[in-house]
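Accompanying notes for the structure given below.
Within every chain, numbering begins at 1; the chains are lettered A, B, ... in the order of the sequence lines, protein sequences first and strands thereafter. Note that these values count all heavy atoms, side chains included, but never hydrogens, waters or copies made by symmetry.
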Amino acid sequence: MQFLMLVTTFVALEATTKRLEMFSLLSDLFQAAGADEIDKIIYISQGHLRPPFYPLTSGPHVVGMSEKYLLRAIAKSAGLDPKEAERRYREMGDIGSAAKYYAELTADTRPAPDGLSVTEVYDTIDKIAALHGEGSVEEKIDATGRLFGAVSPIESQYIARFMAGKLRLGVGDATVLEALALKMEDRAHRAALERAYHMTSDLGGVARTLYGRGLVGVQGVGVCVGLPIRPALCERLSSAEEIIEKMGLCAVEIKYDGFRCQVHKGKEEVAIFSRNQERITPMFPEIADAMTRLFPNDEIILEGEALSFDETTGALRPFQETLQRKRKHDVTAAKASYPLKYFVFDCLYLNGTDYTPYGYAKRRSVLLKQIPQDPVIEVAEVIETDNARALADFFDRSVERGFEGIVAKKLGGPYTAGVRNFNWVKLKRSYRSAPSDSMDLCIVGYDAGRGSRAVFGIGTVLAAVYDPAGDRFKTVSKIGTGFSEDELARLKALLDADAVAERPAHVDSTYTPHVWVYPRYVISALADEITRSSHHTAGADAQGIGYALRFPRVRGFIREDKGAYDATTVDEIVTLYRRQRKIDTV
DNA sequence: GTGGGCTATAAGC
DNA sequence: TTCTGACTGATTCGG
DNA sequence: CCGAATCAGTCAGAAGCTTATAGCCCAC
């Protein structure tokens, strides 16, 4: 298939938001694709080169070129200054449009495009992705520039977007599955395709199976030790009453704030997968060791949360410290300073039996039978109840002890791989926060929006707290989540009236927004947590470490009743930070 | 040649 | 991680 | 009874902070 044909479908997909139309466009595309290229087409549509769990030897699953390098490639192929390309990009909010714009500008100076095939484009980009070592950045940029030069402007638009991992077509994995079903002339086939996908986490692979061995082949796909199962996800509710009303009798687990890990113990080998199916086995050798120790002769797939803890106090560490274990180098040293616990909450497979269709209670009993006392692997704490009072008590105690909240699981519910539904429901401490817990932040600048936010000319605001001691505004977060489109438009107009060319003298910020704004408008914001930050200036110590917000979002709109000096103060932020509880010992 | 600082990217939540 | 917006499919409402 | 209105659920794509890593650059 010609790459241009793929691009033509992309253009049509982008022109509609109707899902039924997208299914039809995609299924036509799939119909025209050969068995040797369908997987590539699907990986490309998802912004990837291959599934994330493929062995490192097969090459990276993402290109490793995002906006800055792409801008340099665009500028290079058009023979202009990257600064100019950057300005244009900021205005358009889409790296692809920038690429296309400059390709069109210089179209008459280039040779006619060769008409590359999908496979040729894929292979070229795959080679670029694999470049590494000294001089590789420049090589990548050059090679990308050459690719832009060899295709038509519209193709360079989608190549740029693909390489940046932001195709923005409205096509996710669910849409691909639906379209594959439609290609087989019945949307009902989606169930089988979806099951195969959730069991193997390889969308292109499912299509390969479909094209090679038909629906029968797809129906035969099941759990496979060594291939990550897409993790089940939680819905959210904001009170114990709602949870009981919705779920009835359920198991209630502590929600640990660490890394979601799916551990596969095969005949010989152990493999650990992240929430997004990355292979992270080398990060957690103690988990792998424990698995071979506990299950020398078993094949088993477990799921749980890995957290670091302090060996002297026994206290579990906050997420930011557990993050230290997300590393490839010096794992041995990190292991000593940041030892791990793996809190297991599910068993998906054991010695030939796929337990995902069984109810939670059954899986739980298998889990309890299998996991003995162990210093590394522990079964997550859980209670069983159909009573809102009891659930609320367990939640309160968990929060008291410093945990994130709880997850309620319907006792009879199967493990719904890859799906967010009300089989599992989380209740986090942050969902229950009273309005008084929100902060009033002063806007001191804003950034242009990207993608669908580009049309508003604003995507995020730089927000500050007030420091009465020095009469200064100090940044604590950028915030873009929580604005409606209407609010964004109004906000832009308001802020532009107060835009200033330079950083206002009474604003402290290490970050330079696209537009500085005189501190006047106050918004209320919510956050899950306050963290120490080397990027924000609020409460910064001698080392320049200040405070920032975890998961910041806007609540409501501009506070008409508050002026800049009514903003939350630095001291209040520090108090909120101190009030956060240390996590329980284990 | 080495090391530190800087920039860009990816990935965890 | 949180949030908004568009669409879909099912259910309820009202003449 | 049928079309209109409503509602809940699904899906995708905006947005955040933090850490680790890779490669580049420059001073020593």
### Query
With respect to the side chain of A/Leu20, which nucleotide from D/dC24, C/dG5, C/dG9 is positioned closest?
C/dG9

### A/Arg555 side chain near C/dT4 phosphate (N/O to OP1/OP2, under 4.0 Å)
no

### Task
May I have the distance from A/His198 (atom NE2) to D/dC11 (atom C1'), rounded to whole angstrom?
12 Å

### Message
Counting the atoms with a prime plus P, OP1 and OP2 as sugar-phosphate, which does A/Arg279 contact under 4.0 Å by heavy atoms, base, sugar-phosphate, or nothing?
### Response
nothing

### Task
Could you check which of D/dC11, B/dC13, D/dG13 has an atom nearest any side-chain atom of A/Thr175?
D/dC11

### Message
Which nucleotide wins on minimum distance to the side chain of A/Leu323, given the candidates D/dC11, C/dT2, D/dT18?
### Response
D/dT18

### Message
Just to be sure I understand the rule, does A/Arg161 reach a base, reach only the sugar-phosphate, or reach nothing, if contact means heavy atoms closer than 4.0 Å?
### Response
nothing

### Message
Is the phosphate of D/dC17 approached by A/Ser477 (side-chain N or O, under 4.0 Å from OP1 or OP2)?
### Response
yes

### Message
Would you say A/Lys478 places a side-chain N or O within less than 4.0 Å of OP1 or OP2 belonging to D/dA14?
### Response
no

### Query
Looking only at side-chain N and O atoms, does A/Thr17 come under 4.0 Å of OP1 or OP2 in C/dC7?
yes

## Note on the structure
Of the listed B/dC13, C/dA6, D/dT19, the closest approach to the A/Arg275 side chain comes from B/dC13

### Message
I want to verify a distance call: between C/dT2, D/dG13, B/dA10, whose nearest atom is closest to the A/Ser452 side chain?
### Response
D/dG13

### Task
Using atom CE of A/Met283 as one end and atom P of D/dA20 as the other, report the distance to the nearest whole Å.
11 Å

### Query
Looking for any heavy atom pair under 4.0 Å, which part of the strands does A/Phe551 touch: base, sugar-phosphate only, or nothing?
base

### Query
Do the side-chain N or O atoms of A/His536 get closer than 4.0 angstrom to the phosphate oxygens (OP1, OP2) of D/dT18?
no

### Task
Determine: side-chain N/O of A/Gln320 to OP1/OP2 of D/dC17, distance under 4.0 Å, yes or no.
no

### Out of B/dG12, B/dA8, C/dT2, whichever nucleotide has its closest atom nearest the side chain of A/Asn276
B/dG12

### Task
Nearest whole angstrom, please: distance from the C1' of B/dC13 to the CD of A/Gln324.
15 Å

#### Entry: Geometric cation-pi criterion A/Lys341 and A/Tyr256, 6.0 Å radius, 45° cone
no

### Message
Would you say A/His329 places a side-chain N or O within less than 4.0 Å of OP1 or OP2 belonging to D/dT19?
### Response
no

### Message
For a quick test of reading the model: is some side-chain N or O of A/Arg168 closer than 4.0 Å to OP1 or OP2 of D/dA14?
### Response
yes

### Task
Could you check which of D/dC11, D/dG23, C/dT1 has an atom nearest any side-chain atom of A/Val137?
D/dG23

### Query
What does A/Lys426 touch in the nucleic acid at a heavy-atom separation under 4.0 angstrom: a base, only the sugar-phosphate, or nothing?
sugar-phosphate

### Query
Ring centroid separation for A/His535 and A/Tyr511, is it under 6.0 angstrom?
no

### Query
With under 30° as parallel and over 60° as perpendicular, where do the rings of A/His48 and A/His61 fit, or are they tilted in between?
tilted

### Query
How would you label the contact of A/Ser533 with the nucleic acid (heavy atoms, under 4.0 Å): base, sugar-phosphate, or nothing?
sugar-phosphate

### Task
Find out whether the Lys NZ or Arg CZ of A/Arg490 is both under 6.0 angstrom from the six-membered ring centre of A/Phe557 and within 45° of the ring's axis.
yes

### Query
Quick one: A/Tyr511 OH to D/dA15 C1', roughly how many Å, whole number?
12 Å

### Task
Would you mind telling me which residue lines up with the more 5' stretch of DNA chain C, A/Glu404 or A/Phe483, judged by nearest nucleotide?
A/Glu404

### Phosphate-side-chain proximity, A/Arg236 and C/dT2, N/O vs OP1/OP2 below 4.0 Å
yes

### Query
Can you tell which of C/dT4, D/dT18, C/dT2 lies closest to the side chain of A/Ser484?
C/dT4

#### Entry: Length of the CD-P vector between A/Glu321 and B/dC13, whole Å
17 Å

### Task
Would you mind telling me which of B/dT9, D/dC17, D/dG23 lies closest to the side-chain atoms of A/Glu67?
B/dT9

### Message
Looking at A/Phe309, is its backbone amide N or carbonyl O close enough to the side chain of A/Arg317 to form a donor-acceptor pair, meaning the two atoms are under 3.5 Å apart?
### Response
yes

### Query
Looking only at atom types and distance, does a side-chain atom of A/Glu67 sit under 3.5 Å from a main-chain N or O of A/Ala164, one as donor and one as acceptor?
no

### Task
Could you please name the option among B/dT9, D/dA22, D/dT19 that lies closest to any side-chain atom of A/Lys326?
D/dT19

### Query
Is the A/Phe345 ring parallel, tilted or perpendicular to the A/Trp424 ring (thresholds 30°, 60°)?
perpendicular

### Message
Just N and O in the side chain of A/Arg72: are any of them under 4.0 Å from OP1 or OP2 of B/dA8?
### Response
no

### Message
Does a side-chain N or O of A/Ser66 approach OP1 or OP2 of B/dA8 to a distance below 4.0 Å, or not?
### Response
no

### Query
Side-chain donor or acceptor of A/Thr481 under 3.5 Å from a matching atom on the base of D/dA15?
yes

### Message
Using a 4.0 Å heavy-atom cut-off, does A/Gly135 contact any base of the nucleic acid, only the sugar-phosphate backbone, or nothing at all?
### Response
sugar-phosphate

### Query
Rounding to a whole Å, what distance do you find between A/Arg429:CZ and C/dT2:C1'?
15 Å

### Summary
To the nearest angstrom, the CG-P distance between A/Leu462 and D/dA15 comes to 15 Å

### Query
Taking OP1 and OP2 of C/dC3, is either one under 4.0 Å from a side-chain nitrogen or oxygen of A/Arg553?
yes

### Query
Counting N and O atoms only, with roles assigned by atom type, does the side chain of A/Arg429 sit under 3.5 Å from a partner on the main chain of A/Phe403, one being a donor and the other an acceptor?
yes

### Task
For A/Val554, report the nucleic acid contact type (base, sugar-phosphate, nothing); a contact means any heavy atom under 4.0 Å.
nothing

### Query
Under a 4.0 Å N-O cut-off, is there an ion pair linking A/Arg72 with A/Glu138?
yes

### Message
At 4.0 Å (heavy atoms only), tell me whether A/Asn421 reaches a base, stays on the sugar-phosphate, or touches nothing.
### Response
nothing

### Message
Please report the distance, rounded to the nearest Å, between OH in A/Tyr69 and C1' in D/dG23.
### Response
6 Å

### Query
Which is true for A/Lys328 with a 4.0 Å heavy-atom rule: it touches a base, it touches only sugar-phosphate, or it touches nothing?
sugar-phosphate

